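Report on the structure given below.
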Amino acid sequence: MFVFGLAVVFKLFSIQFLHGEKYKALAEKRVVKDVVIPANRGNVYSANGNLLATSITKYDIRLDAVTSSSKNFEKYLKPLSDSLSNFKGKSSSYYQHELKKARDNKNRYYLLARNIGYSDYIRIRNFPLLELGAFKGGLIVEQSTKREHPMGGIAQRTIGYERVDEQGNVTRPGIDGAFGVKFLRGVDGQRKKQRIGKGQWKPLNDANEIEPKDGYDVYTTIDVNIQDIAHHSLLEQLEKYKADHGCVVVMETKTGEIKAISNLGRSSKGYYYEKRNYAVWESHEPGSTFKLMAVAAALEDKLIDTSDVVDTEKGVLTYYGKKVRDSKWGGYGRISVSEAFEVSSNTGIVKAIYNAYKGKPEKFVDRLYAMNLDDTLQIPIIGEGKPVIPDPRIKNGKWSGIALQWMSYGYNVRLTPLQALTFYNAIANNGEMVRPRFLKEVKEFGKIIESFDKDVINKQVCSQETVNKLQQLLKNVVEKKHGTGNRLYSKNFSMAGKTGTAQTEYWMKDWSKDKRYISSFTGYFPAENPKYSCIVVIHKPDTSVGYYGADVSGPVFKRIAQKIYTDTPLVDEIGTLSVKKASVEKEYEAYYKTAQTYKTIMPSVIGLPAMDALSLLENMNVNVKVKIQGSGTIKKQSIDKNIKLKDNQTIVLIAS
């Protein structure tokens, strides 16, 4: 017994003095852990300053029912229950019973409120008992952030959103994902949590807690006015033709700035929503819109001219048993290359290109390469589809005896809508190919961190002589009476472009199926000194209603061009809106400097969209009520700027 006693004493001595630090650290590790405090992602704004995506802080409020003294718990039990009753609706006696039960059961993590906003958080933390804080009152606050889109689903696929898979992995497609790591994500903080049993962890107030640093704000190139026009113009046509899906992109010609992008797909219930980013992702056979690229190659190689005459041979050509047909029965007879392009004669364009390159198809492919048609655009948004250009020199390069002919009118090649638009935009821009751009600048509290300028892919995709001829061809498609785009012609403003009607690969492989088409129109406006280029692609319209590009996609293009000129002020030309915006931003720079120190100072929200003003005021460190009268832009505010706000104060904003 004596020896056994000595062994016990020795073991206790060993644990306490020889291995004490080891076991202490192990015990602490099991009951205390470091957890990440996520930083708020930066806001995403339109070019007009409208809020497109923002991180809203949400709070869970819990009570450590053991921490407070018996005296304090008894003193504040009824007042706290009364406050909870007023806040949540159940009776005060109900909460008295629940809180007593939580204390009796030694519940250190009792839930009081979940997923509440900042103003409710401020209200609850000032309830009796809770206002004593974490140590005396048992207050536990956990916060998280939720990404919200104030403008709803418009352009959501491009702006980006958070997607969580079954394994819990988070991905953010679109702008939110492309610029998340560098600008939007911010720097996470860190705090400690203590395990309190049953898999529950309680936050600890610790001097070593690291506050998170919020991400920067990014200002996109999206113009909400043009975006709204594009979105609803596409939606109206999709519904009319009961199409499967479609997309629209509007690009500023000289800069490559994407002013609008809409991607709508049909759900199983028949309504349309931002299903996939078709404009960036979907690589498909473009059909007749590729005739511009084919003619551009032959013109640049000086193997054809627009005045050359071709025989459409009654509208049917046969190569290796495969037929190329014109949409017009009997063809167009002998016509010029220019006329073949204007009426979109498949046989006319195919014969011209085949005769030019039949002994040297690699030269045709090389010219397409020189015009960057085999390259991705290398835009930061993930998921860009890859272009496909068959090459006779590459093994398994999808080359065959009919490859050259089929490429001439847009089959056996693949491009995404954005890649096709970029080439058309280069022709509108006198040969300079610019990369599509989604970002204008990055800011922190109004201060510019980084700005983005035009990014040139190719200074001259083809000679100015070729560009001039192509521009005239595209004008003729709309302006000539026999042009496939003549129904788009308007005396009020000029347009240039090309229609496209392609049979889908699915139908091409199985002739027993119903015909399925891809209808498109790609062009720019005005025809002289173009400001915008635009592509409209609509997949699988109801053929009983119509399927030609001029009928299905062309009207969307015209509607967008028309509304931009009649409904949308051109800020760069008028100038007044630019001055106003600059004035608002300058005022906010001064406000944010003050707000960093005093986070209860009323800012000036005059000139801001109502949604932006509401979001700003609700995220200040003061509990205020905001009432908005009207809609649109804020014109008046009931409390002047630089006035210190008080809790429960009401701010009235008048918008129009």
Side-chain angles (χ1 to χ4, degrees), residues 40 42-46 48-59 61 83 86-87 116-128 130-131 133 141 143 145 148 150-151 211-217 219 443-449 576-656:
N40 284 331
N43 293 333
V44 179
Y45 292 91
S46 71
N48 325 57
N50 298 85
L51 190 61
L52 301 179
T54 186
S55 291
I56 302 297
T57 303
K58 297 294 183 179
Y59 300 87
I61 308 296
S83 297
N86 292 331
F87 178 75
I116 60 175
Y118 180 78
S119 58
D120 285 336
Y121 155 64
I122 293 296
R123 179 181 173 186
I124 292 178
R125 71 175 295 167
N126 287 312
F127 282 176
L130 301 180
E131 65 183 351
V141 179
Q143 66 184 63
T145 57
E148 293 190 355
M151 295 193 68
E211 288 291 330
K213 184 181 185 300
D214 293 345
Y216 296 130
D217 295 333
Y219 285 73
K443 291 184 176 181
E444 182 182 36
F445 299 126
K447 178 184 177 183
I448 296 177
I449 303 299
T576 55
L577 291 182
S578 294
V579 172
K580 185 176 182 180
K581 181 183 174 187
S583 175
V584 171
E585 288 188 352
K586 185 175 181 181
E587 191 165 329
Y588 267 86
E589 287 181 18
Y591 161 69
Y592 276 120
K593 288 180 181 178
T594 305
Q596 289 178 46
T597 305
Y598 306 103
K599 296 184 179 181
T600 59
I601 303 298
M602 178 67 190
S604 170
V605 295
I606 293 173
L608 283 183
M611 184 63 72
D612 294 5
L614 179 63
S615 177
L616 175 66
L617 294 173
E618 285 189 342
N619 281 280
M620 295 179 66
N621 286 358
V622 63
N623 182 22
V624 294
K625 297 178 181 178
V626 183
K627 294 183 178 180
I628 299 179
Q629 298 177 2
S631 61
T633 303
I634 301 300
K635 302 299 182 184
K636 294 181 180 179
Q637 58 188 60
S638 62
I639 299 176
D640 292 335
K641 65 178 181 179
N642 296 328
I643 299 297
K644 185 175 177 61
L645 296 171
K646 300 176 181 178
D647 282 339
N648 300 317
Q649 198 165 5
T650 299
I651 302 171
V652 179
L653 305 178
I654 299 176
S656 63

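Values in this document were obtained by computation on a predicted structure and should not be read as measured data. Counting begins at 1 with the first residue of the sequence.
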Take Ile654 and Ile634, measure what side-chain contact (heavy atoms from CB on, under 4.5 Å) needs, and give me the verdict at the end.
CA-CA 6 Å; Ile654 299 176; Ile634 301 300; over 6 Å; no
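Under the side-chain hydrogen bond (donor to acceptor under 3.5 Å, both in side chains) criterion, Tyr59 pairs with no residue, sequence neighbours left out. Remark: Lys627 engages no residue in a side-chain hydrogen bond (donor to acceptor under 3.5 Å, both in side chains) (not counting sequence neighbours). Not counting sequence neighbours, Tyr216 has no partner by the ring-ring contact (aromatic ring centres under 6.0 Å, His included) test. Asp120 pairs by the side-chain contact (heavy atoms from CB on, under 4.5 Å) definition with Phe87, Ile116, not counting sequence neighbours. Every residue was checked against the side-chain contact (heavy atoms from CB on, under 4.5 Å) condition with Glu131, not counting sequence neighbours, and none meets it. Under the salt bridge (charged side-chain N to carboxylate O under 4.0 Å, His left out) criterion, Lys636 pairs with no residue, sequence neighbours left out.
Between Val605 and Gln637 the shortest side-chain heavy-atom distance falls below 4.5 Å. Taking 4.5 Å as the limit, some side-chain heavy atom of Leu645 sits within range of a side-chain heavy atom of Ile651. Looking at Asp217 and Tyr45, their side chains come closer than 4.5 Å, going by heavy atoms from C-beta outward. Using a 4.5 Å cut-off on side-chain heavy atoms (C-beta onward), Thr54 and Val44 make no contact.
Shortest non-hydrogen contact noted between Tyr219 and Ser46 is CD2-O, 3.9 Å.
Separating the CD atom in Glu444 from the CG atom in Asp214 is a distance of 9.0 Å, to the nearest 0.5 Å. In this structure, the separation between OG on Ser638 and CD1 on Ile643 is 11.0 Å, given to the nearest 0.5 Å. Ser604 contributes atom OG, which lies 13.0 Å from atom CD1 of Ile639 (distance to the nearest 0.5 angstrom). To the nearest 0.5 Å, atoms CD (Gln649) and NZ (Lys644) are separated by 10.5 Å.
The local environment of CZ in Arg123 is crowded, with over 12 non-hydrogen atoms from other residues, nucleotides or ligands closer than 6.0 Å.
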